[in-house]
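Report on one structure; see the data block that follows.
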Amino acid sequence: MGVDQVDASNACIPPTHPLTYQALPLPTASRGETIFLDGQGGRLNDNDDQRAPLIMYAWGKLIVVREIELYSSNQTTKKTTSCASSSRVGPSGSPSTNGFVYRGHSAPVTAAKFSPAGTYVASGDSKGKLRIWAWDHEEHLPKIELQVLAGPIKDISWDFEGKRIVVIGDGMQSPENAKVVQWDTGVKCGDLGAHARKKGRLCAFRPCRPMRIATGGAEDATVMFHQGPPFQRVVGDGIVSEKCHERGAIHSLRYNKDGSVLASAGTDGSVIFYDGKSMHLMKKVEKVHKSSIFSCAWNRNGTHLLTCGADGFARLVDAMSGETVHEWDVALTQLGDDNVRNKVPMGAMLLGCAFLKGDIPIAVGFNGQIVVLSVPSSIGLSSLAEVIDKPLVITGHQAPISAMTFGAPGSNVIYTADTDGVLVEWDGLTGIPRGRVKNVGEEDVELTGRVHSGATITSLAFSSESSKLYSAGWDDFIRISQGQNCVNKLKMKAQPNDMACGTSLLVVMTVEGLVLVKDEQIISELIRLPYTATAICISKDETMLYVGGDDCNIYIYTVSLSDSVNPLAESHVIKGGHMKAVQSIALSHDRTKLAAADSRDVCVYSTTDYSTIVSKGRWCFHTQRISCLTWSSDDSILASGGNDDDIFLWNIQKKMRRIHYRFAHRGGITGLRFVGGNAADGTGSIMLVSVGNDGCVNFWDVKEDVSNKFQ
């Protein structure tokens with residue numbers, strides 16, 4: 001085990017950027033694997049009324065810390081103004097942005113826990129690296145990074161002093177699958193027992209003295225106990241009960257607040273209670289769930305244990321009597337109370353649960369949706385969740401967002417799509433997801449929310465005339481939605497990669513050519529081109545079509561729907577403007593300027609004579625493919641986003657100046673749109689909405705930066 005050199009770059013969005021709100025992705029899930037959730041937050045977060053309840057989980061290589069705010073079903077919105085919450089503060093005391101995304105790991109994150117003080121976070125990944133980083137620092141600087149295991153880290157636990165950390169996971173070929181180390185130096189504090197085949201699943205530090213460590217196996221149905229420091233396994237005294245579970249894996253292992261009781265749950269559906277100090281068996285409650293229990297969590301007082309299982313139920317168990325005092329059918333909640341389920345949908349198999357600040361219980365299923373469970377006052381939990389009358393489902397994306405568009409003008413609706421084929425409708429004022437789009441006539445029996453059958457959605461377009469949303473996916477369908485209902489679909493002869501919509505005319509760019517769609521009908525044959533189309537844009541009056549090609553040229557066509565034989569007539573070709581294939585095109589609102597970008601340059605052309613306004617070599621600061629362009633409402637500002645994670649703002653009148661937002665989205669930006677404001681005279685707010693491969697929807701208030709840089 002060695003201490004690695006710590007890389008602190010790109011660990012978070014720089015605090016100087018004008019990010020006002022983040023709509024965060026949902027937890028990553030693997031079938032049959034527990035989703036780690038940490039709702040403790042530590043003393044820093046729990047003792048501050050200005051900080052919202054937090055839940056921490058993994059999304060790929062990222063760590064997401066989400067704020068949970070409750071509102072009853074009769075409330076129309078959680079917030080009434082823009083997407084920033086002025087009454088809440090974030091990690092470093094700055095105004096809250098709804099949560100935080102940490103990007104310091106280079107491999108998929110598998111576990112993360114707040115320190116007891118709430119000032120640091122310990123996180124582990126699939127390569128066996130343990131990283132400790134500051135939560136309360138605005139740049140979230142790392143303290144130390146250690147290579148502790150040969151395989152993936154599965155669980156992490158702090159001691160009550162915040163000085164020692166135990167980790168467990170897959171030891172692979174090494175002799176150890178669990179280690180306990182000093183938090184600041186990485187020095188070992190003893191030798192922990194090895195589980196069968198060097199595969200450990202869970203670990204728990206007793207939150208008081210005398211110190212104890214419990215570890216659970218992934219395949220041997222065994223809970224091992226250790227005392228120290230230095231820590232060593234306790235065996236052969238006739239008191240310790242290691243083999244209380246009948247079979248399979250130990251999926252959850254947690255001490256209550258005062259360390260008097262340890263609870264374990266696993267594949268056999270049973271919950272075992274042990275004495276926290278002597279580690280002897282206190283009680284075994286069998287068949288709490290009909291199938292595997294994947295997670296359990298104690299309330300703050302340590303009187304009740306929340307469990308969740310693959311049967312789609314979450315249950316609350318009284319620790320003294322072992323009786324189930326309440327249960328929630330989370331699968332039925334997601335299906336809708338009017339439905340009757342005969343089996344457990346795959347998406348509603350619960351893989352994680354936690355109690356948050358204020359004893360708010362939550363559960364998460366395979367589809368990633370976070371369900372805040374309502375708590376009857378008769379139970380006596382004194383939970384903040386008593387204010388909601390029924391479970392609250394928080395939805396969003398579980399995969400990289402691949403496309404975005406806005407709804408009808410004035411509707412304040414945003415639509416986003418991801419690489420799993422999921423479509424989400426958002427409230428543009430509050431940033432709250434309104435719900436996922438569903439296929440009408442095709443029941444989503446597995447609750448995955450996939451409109452395009454698990455295929456990547458490549459483009460979205462909204463028709464203001466029909467108020468219909470068009471989505472193009474790699475399942476070779478154009479699907480048509482109204483609100484949250486997908487009502488129609490069109491089969492394409494070739495794979496669609498992009499779309500452009502005027503008022504009612506939709507142009508679909510496929511790998512073999514262009515297709516015209518109007519009134520939910522295909523009105524043209526496949527229009528083959530002598531080049532490969534890479535980007536398209538159509539004017540709002542549907543008379544001009546602009547197509548970027550892989551030959552570095554931009555082709556301008558006149559659209560004539562009356563000519564069924566040749567609806568597109570080439571009128572001009574812009575040659576020599578780019579040195580690489582054109583990747584994105586955007587027409588200004590007044591239709592006088594055309595912006596085009598490749599993998600390096602952003603160029604602007606006049607649409608009257610197609611002369612160059614901004615030529616190549618001027619706006620050339622992107623380092624990778626420029627995936628999206630958008631104009632402000634008054635056409636004074638042009639925004640560009642690329643696969644280099646960067647967003648640039650440009651001004652036609654101040655060509656030598658630029659605004660640069662680095663590390664805006666990990667993995668690249670896939671969509672940009674301006675909201676409101678007049679950038680030319682500085683009136684009103686200027687909000688920029690961006691989406692990217694990190695699954696986030698970001699809201700940026702760029703008014704001050706635009707005023708300082710361009711005026």
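Predicted model only: the values in this text are computed from it and were never measured.
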Between S471 and I478, is any pair of side-chain heavy atoms under 4.5 Å apart? no
Would you say the side chain of F462 lies within less than 4.5 Å of the side chain of Y415, judging by non-hydrogen atoms? yes
Knowing that exactly one of I554, L629, V604 qualifies, which makes a side-chain contact (heavy atoms from CB on, under 4.5 Å) with L594? I554
Reported CZ-to-CG distance for the pair R657 and N651, which is rounded to 0.5 angstrom: 9.0 Å
Over 60° means perpendicular and under 30° means parallel, so classify the ring planes of F699 and Y21, tilted if in between. perpendicular
I need the L460 CG to T416 OG1 distance, nearest 0.5 Å. 7.5 Å
So, D551 side chain and N553 main chain: donor-acceptor pair closer than 3.5 Å or not? yes
Is the W700 to Y661 ring centre distance short of 6.0 Å? yes
Going from CG on L429 to CE on M687, what distance comes out if it is rounded to the nearest 0.5 angstrom? 9.5 Å
Derivation of the side chain to side chain contact (heavy atoms under 4.5 Å, CB included) call for K491 and F477: CA-CA 5 Å; K491 177 65 176 177; F477 278 100; 3.8 Å; yes
V689 side chain reached by V697 side chain, heavy atoms, under 4.5 Å: yes
Minimum side-chain heavy-atom gap N367-R436 below 4.5 Å: yes
Answer with yes or no whether the side chains of N98 and E67 bring together a donor and an acceptor at under 3.5 Å. no
Can you check whether T503's main-chain N or O pairs, donor with acceptor, with E542's side chain at less than 3.5 Å? yes
Quick check: closest heavy atoms across C628 and T670, and the distance to 0.1 Å? SG-C, 4.1 Å
Identified side chain to side chain donor-acceptor pair (under 3.5 Å) partner of D646 from the options H660, H622, R662: H660
Check: residues 398-407 side-chain donor-acceptor pairs under 3.5 Å, at least two apart:
unit_1	atom_1	unit_2	atom_2	d
Q398	NE2	P27	O	2.8
Q398	NE2	F366	O	3.2
S402	OG	A417	O	3.4
S402	OG	I457	O	2.4

Backbone N or O of T623 within a donor-acceptor pair of the D644 side chain at under 3.5 Å? yes
May I ask you to check whether S459 and D498 show a side-chain donor-acceptor distance below 3.5 Å? yes
Can you find a pair of side-chain heavy atoms, one from P567 and one from I527, that are under 4.5 Å apart? yes
Separation of S599 OG from I626 CD1 (nearest 0.5 Å): 7.5 Å
So how far is it from K703 NZ to S707 OG, rounded to the nearest 0.5 Å? 8.0 Å
Would you please name every residue forming a side chain to side chain donor-acceptor pair (under 3.5 Å) with D475, sequence neighbours left out? H452
Quick one: does D635's side chain have a donor or acceptor within less than 3.5 Å of a partner on D590's backbone? yes
Distance-only side-chain donor-acceptor flag, T612 / S615, under 3.5 Å: no
Determine whether R666 and N693 make a side-chain contact, defined as any pair of heavy atoms from C-beta on separated by less than 4.5 Å. no
Taking S611's backbone N and O only, do any of them form a donor-acceptor pair with S606's side chain (distance below 3.5 Å, no angle check)? no
Test your reading of the model: is there a side-chain donor-acceptor pair from T534 to the backbone of V582, 3.5 Å cut-off? yes
Got more than 12 heavy atoms from elsewhere within 6.0 Å of CD, E704? no
Please walk me through it: do I394 and I68 pass side chain to side chain contact (heavy atoms under 4.5 Å, CB included)? CA-CA 9 Å; I394 301 174; I68 301 292; 3.7 Å; yes
What are the two closest non-hydrogen atoms of I585 and V547, and how far apart are they? CD1-C, 3.8 Å
For a side chain to side chain contact (heavy atoms under 4.5 Å, CB included) check, start with the C-alpha distance between Q482 and L469, then their side-chain angles and the critical distance, and finish with the verdict. CA-CA 6 Å; Q482 191 160 24; L469 174 70; over 6 Å; no
If you count every heavy atom of other residues, nucleotides or ligands that lies below 6.0 Å from K654 atom NZ, does the total exceed 12? yes
Measure up the F100 and Y102 rings against each other and bin them: parallel (under 30°), tilted (30 to 60°), perpendicular (over 60°). tilted
Heavy-atom pair of closest approach, residues Y605 and Y610: CD2-O, 4.4 Å
Any side-chain heavy-atom pair of K709 and L649 under 4.5 Å: no
Would you check if the side chain of T630 reaches a backbone N or O of A639 as a donor-acceptor pair within less than 3.5 Å? no
Lys/Arg N to Asp/Glu carboxylate O, R591 vs D541, below 4.0 Å: yes
Checking T510 side chain against P496 main chain: does a donor-acceptor pair fall under 3.5 Å? no
Is any side-chain heavy atom of I13 less than 4.5 Å from a side-chain heavy atom of N698? yes
Minimal heavy-atom distance between L24 and C696, with the atoms involved, is CD2-SG, 4.2 Å
Can you list everything that forms a side chain to side chain donor-acceptor pair (under 3.5 Å) with E525? Sequence neighbours excluded, please. none
Is it the case that the side chains of S463 and K468 hold a donor-acceptor pair, with the cut-off being a distance below 3.5 Å and no angle test? no
Inspect the surroundings of NZ in K580 and state if more than 12 heavy atoms from other residues, nucleotides or ligands are less than 6.0 Å away. no
Backbone N or O of A586 within a donor-acceptor pair of the W631 side chain at under 3.5 Å? yes
Between OH on residue Y555 and CD on residue E570, distance to nearest 0.5 Å: 7.0 Å
Answer yes or no: does atom CZ of R434 have more than 12 heavy-atom neighbours from other residues, nucleotides or ligands under 6.0 Å? yes
Which atom of S690 lies closest to which atom of H665, heavy atoms considered: OG-NE2, 2.7 Å
With no hydrogens and no angle check, is any side-chain donor or acceptor of D601 less than 3.5 Å from a backbone partner on G617? yes
Which is it for L561 and I523 under the side chain to side chain contact (heavy atoms under 4.5 Å, CB included) test, yes or no, and what are the steps along the way? CA-CA 9 Å; L561 299 182; I523 61 173; 4.0 Å; yes
Of all the heavy-atom pairs spanning A664 and I669, show the shortest one and how long it is. CB-CD1, 4.2 Å
